[in-house]
Amino acid sequence: MGVIIRQSLKATIFNYVGAFIGFLTTFFVLTKYVEPEIIGLTKVMYEVAALIAAFAQLGTSASAMRFFPYFKNPDNNHNGFFFYLMLMPAVGSVVFVSLFWLCRRYVIDFFIQKSALLVEYYNWVIPLAVFLTFWIVLETFSNVLLKIVVPKFIREVGLRVMLLALYLLYAFHWLSLDALIAGYVLCYGLVMVFTLLYVSSITPLSFKHNTSFFDKGLLKKISGYTLFLLIGALGSSITGQLDIFMVSSQMGLEFTGIYTIAFYMATVIEMPSRSITAIASPIAASALKEGKFEEANQLYKKVSLHQLIAGSVFFLLIWINIDNIFAIIPNGEVYGSAKWVVFFIAMSKLLGMTLGFGDTLISFSRYYYWRLYFTFFITALTILCNYWLIPIFGMTGAAMATLLTYILTYSAQQWIVMKKIKGNPYSLGILKHIGLFLFLLGMNAILPHCFDNVFLDIVYRTCCIGFLWLFLNYRLHISEEMNLLLKKYLKFLK
């Protein structure tokens with residue numbers, strides 16, 4: 001775990017620096033200067049492009065994680081690994097961008113009634129999708145080399161700074177809406193280029209390849225795995241983005257913008273998982289390749305526990321101050337209508353952080369094909385839940401549908417992990433922390449209201465709940481690693 005902790009801690013610092021920039025951008029620039037309809041427009045453009053990118057990768061990101069140990073050889077540029085890494089998304093981009101263009105009329109029909117503005121900027125989705133495709137693949141290459149810090153800086157800090165500058169230029173009327181959309185797409189193009197330059201600095205990049213390296217067995221494994229991932233991408237991608245599509249098509253871009261602000265607030269809690277999962281995934285792939293299931297299972301337990309701890313504390317800090325947050329941000333009375341969207345999306349993310357590494361284990365094991373057995377069922381369930389709940393509860397219904405889908409998805413996934421890989425994330429530490437989490441939610445509900453000033457109330461509630469969280473985590477010995485860190489800092493303070 002030493003490499004995981006060092007790399008993930010460094011990357012997490014950038015995650016939270018980026019989160020702070022994103023916080024300023026989202027809650028004090030977007031909410032004040034950018035109309036909810038424009039926020040919704042950029043969000044839907046991104047999600048549509050991300051959906052295309054998920055297919056266009058042709059499973060490259062996950063297959064790279066799994067099969068890099070077979071190619072790994074620094075002396076000969078990893079047996080042409082970079083060539084194949086670029087070839088697959090290049091082919092996928094041509095195929096799926098073409099399909100997106102051919103399906104133009106159907107996509108427009110889906111959005112035209114409530115989100116007509118998206119139709120005007122339809123063509124900008126294509127370059128955005130291409131940039132996202134290659135950016136993600138290049139990030140994956142850096143991850144398999146166990147170098148996640150600089151790509152995290154580019155993603156979490158570099159991109160956010162560029163977007164903040166872009167929105168400020170729009171806010172002061174130095175950019176038109178057309179220029180804003182062009183600049184938005186260009187920002188993603190730049191981060192793709194920066195990631196490519198970094199990867200080229202840590203390892204020689206060459207398109208030279210040796211086809212003789214592929215024996216029939218390895219080629220069959222990679223082809224079969226990639227095919228399953230491509231089909232599986234349909235379910236996982238649509239499930240993760242369908243709420244945005246459904247809100248925009250049924251309620252309009254203005255409500256999508258409000259939903260986006262609440263969604264962003266909730267997703268802050270999952271930032272630690274991005275670093276931990278990125279650095280732990282290659283180690284899990286190597287362990288499963290060598291048949292070390294117990295090692296992979298112990299990694300699963302540690303990753304799940306520490307992601308639950310990290311995610312739950314941020315969940316608590318957000319939820320205990322949720323009314324104060326909406327009272328502070330500009331136009332908070334508008335965005336406050338999405339309060340319960342924050343709760344349900346945050347619960348979904350917390351569940352995903354705790355159990356999500358199980359999906360990584362399935363992907364890297366010989367049982368990866370099991371993902372397909374429930375992928376289409378989950379996709380159909382997501383669509384039905386959104387169609388059922390959005391007309392009743394509006395934006396909150398979309399968030400409730402997401403949580404319901406997460407519960408069923410991870411229940412099915414965990415059954416596969418336990419049945420096939422003999423692994424589970426459950427430990428006494430997780431049970432203790434779930435109990436602590438529920439206890440602190442209850443404590444917040446009965447905590448007396450002592451201050452009318454929202455800033456003083458934030459400090460008061462955060463200090464009370466935060467101190468209880470630290471003290472009880474330490475006394476209950478939930479995590480040995482966390483206790484060691486606390487002892488270290490207490491010793492330093494003394």
*Asks:* Do the side chain of Ser304 and the main chain of Thr354 share a donor and acceptor less than 3.5 angstrom apart?
*Replies:* yes
*Asks:* Just wondering, do Leu468 and Leu436 contact through their side chains at under 4.5 Å, heavy atoms?
*Replies:* no
*Asks:* Nearest 0.5 Å, please: how far is OG1 in Thr195 from CZ in Phe131?
*Replies:* 12.5 Å
*Asks:* Please list, chain by chain and in numerical order, all residues satisfying ring pair (Phe, Tyr, Trp, His ring centres under 6.0 Å) with Phe343, sequence neighbours excluded.
*Replies:* Phe315, Trp319, Trp340
*Asks:* Looking only at non-hydrogen atoms, find the nearest pair between Tyr198 and Ser142 and report the distance.
*Replies:* CE2-OG, 3.6 Å
*Asks:* How would you list, by chain and number, every residue that makes a side-chain contact (heavy atoms from CB on, under 4.5 Å) with Leu447, sequence neighbours excluded?
*Replies:* Tyr460, Arg461, Cys464
*Asks:* Show your reasoning for whether side chain to side chain contact (heavy atoms under 4.5 Å, CB included) applies to Ile458 and Ile328.
*Replies:* CA-CA 11 Å; Ile458 287 174; Ile328 292 170; 3.5 Å; yes
*Asks:* Nearest heavy-atom pair of Leu41 and Leu118: which atoms, and what distance?
*Replies:* CD1-CA, 3.6 Å
*Asks:* Should the heavy atoms of other residues, nucleotides or ligands under 6.0 Å from CZ of Phe28 be counted, would the total exceed 12?
*Replies:* yes
*Asks:* With heavy-atom distances below 4.5 Å as the criterion, would you say the side chains of Tyr184 and Leu180 are in contact?
*Replies:* no
*Asks:* What heavy-atom pair brings Met395 and Met251 nearest, and what distance separates the two atoms?
*Replies:* N-SD, 3.8 Å
*Asks:* Rounded to the nearest 0.5 Å, what separation is found between the OG1 atom of Thr256 and the NZ atom of Lys43?
*Replies:* 10.5 Å
*Asks:* Taking it one step at a time, do Tyr46 and Tyr188 satisfy ring-ring contact (aromatic ring centres under 6.0 Å, His included)?
*Replies:* CA-CA 10 Å; Tyr46 176 86; Tyr188 285 92; 5.6 Å; yes
*Asks:* Quick one: list whatever passes side-chain hydrogen bond (donor to acceptor under 3.5 Å, both in side chains) with Tyr410, sequence neighbours left out.
*Replies:* none
*Asks:* Examine distances only and state if a side-chain atom of Ser312 and a backbone atom of Ile309 form a donor-acceptor pair shorter than 3.5 Å.
*Replies:* yes
*Asks:* If you define the side chain from C-beta out and look only at heavy atoms, does anything of Ile434 sit under 4.5 Å from Leu308?
*Replies:* yes
*Asks:* Leu253 pairs by side-chain contact (heavy atoms from CB on, under 4.5 Å) with which of Thr42, Ile39, Val44?
*Replies:* Val44
*Asks:* Would you check if the side chain of Lys349 reaches a backbone N or O of Ile269 as a donor-acceptor pair within less than 3.5 Å?
*Replies:* no
*Asks:* I need the minimum non-hydrogen distance between Tyr335 and Ile261, along with the two atoms involved.
*Replies:* CE2-CG1, 3.4 Å
*Asks:* Roughly how far apart are Ile325 CD1 and Ile322 CD1, rounded to 0.5 Å?
*Replies:* 5.0 Å
*Asks:* Please report the interatomic distance CE(Met347) to CG(Leu403), rounded to the nearest 0.5 Å.
*Replies:* 6.5 Å
*Asks:* For residues Tyr170 and Ile38, determine if any side-chain heavy atom of one lies less than 4.5 Å from a side-chain heavy atom of the other.
*Replies:* yes
*Asks:* List for me each residue that meets side-chain hydrogen bond (donor to acceptor under 3.5 Å, both in side chains) alongside Asn331, sequence neighbours excluded, and say none if there are none.
*Replies:* none
*Asks:* Quick one: do Trp469 and Asn473 satisfy side chain to side chain contact (heavy atoms under 4.5 Å, CB included)? Show the steps, please.
*Replies:* CA-CA 6 Å; Trp469 183 86; Asn473 257 291; 3.0 Å; yes
*Asks:* How long is the gap from CZ on Phe344 to OH on Tyr406, to the nearest 0.5 Å?
*Replies:* 15.0 Å
*Asks:* Please assess Phe326 against Met265 for the test side chain to side chain contact (heavy atoms under 4.5 Å, CB included), listing each intermediate value before the final yes or no.
*Replies:* CA-CA 11 Å; Phe326 283 120; Met265 194 183 301; 3.8 Å; yes
*Asks:* Start with the C-alpha gap between Arg160 and Thr25, add the side-chain angles, then the distance that decides, and say whether side chain to side chain contact (heavy atoms under 4.5 Å, CB included) holds.
*Replies:* CA-CA 8 Å; Arg160 292 176 192 272; Thr25 304; 5.7 Å; no
*Asks:* Does any non-hydrogen side-chain atom of Tyr259 lie less than 4.5 Å from one of Ile345?
*Replies:* yes
*Asks:* Could you tell me whether the side chain of Ile181 reaches within less than 4.5 Å of the side chain of Met45, counting heavy atoms only?
*Replies:* yes
*Asks:* Just jot down the side-chain contact (heavy atoms from CB on, under 4.5 Å) partners of Ala262, sequence neighbours excluded, or say none.
*Replies:* Ala338, Val341, Val342
*Asks:* When you compare the side chain of Val48 with that of Phe100, does any pair of heavy atoms fall below 4.5 Å?
*Replies:* yes
*Asks:* On a heavy-atom basis, which atom in Pro330 and which in Phe27 lie closest, and how many Å separate them?
*Replies:* CD-O, 2.9 Å
*Asks:* If I compare all heavy atoms of Gly183 with all of Leu166, which pair ends up nearest, and what's the gap?
*Replies:* C-CD2, 3.6 Å
*Asks:* Is there any salt bridge (charged side-chain N to carboxylate O under 4.0 Å, His left out) pair reaching into residues 246-255, and which pairs are they, with sequence neighbours excluded?
*Replies:* none
*Asks:* What I'd like to find out is whether the side chain of Leu159 reaches to under 4.5 Å of the side chain of Trp135, using heavy atoms alone.
*Replies:* yes
*Asks:* So how far is it from Leu164 CG to Cys187 SG, rounded to the nearest 0.5 Å?
*Replies:* 10.5 Å
*Asks:* Any chance CZ of Phe455 has more than 12 other-residue heavy atoms, nucleotides or ligands included, within less than 6.0 Å?
*Replies:* no
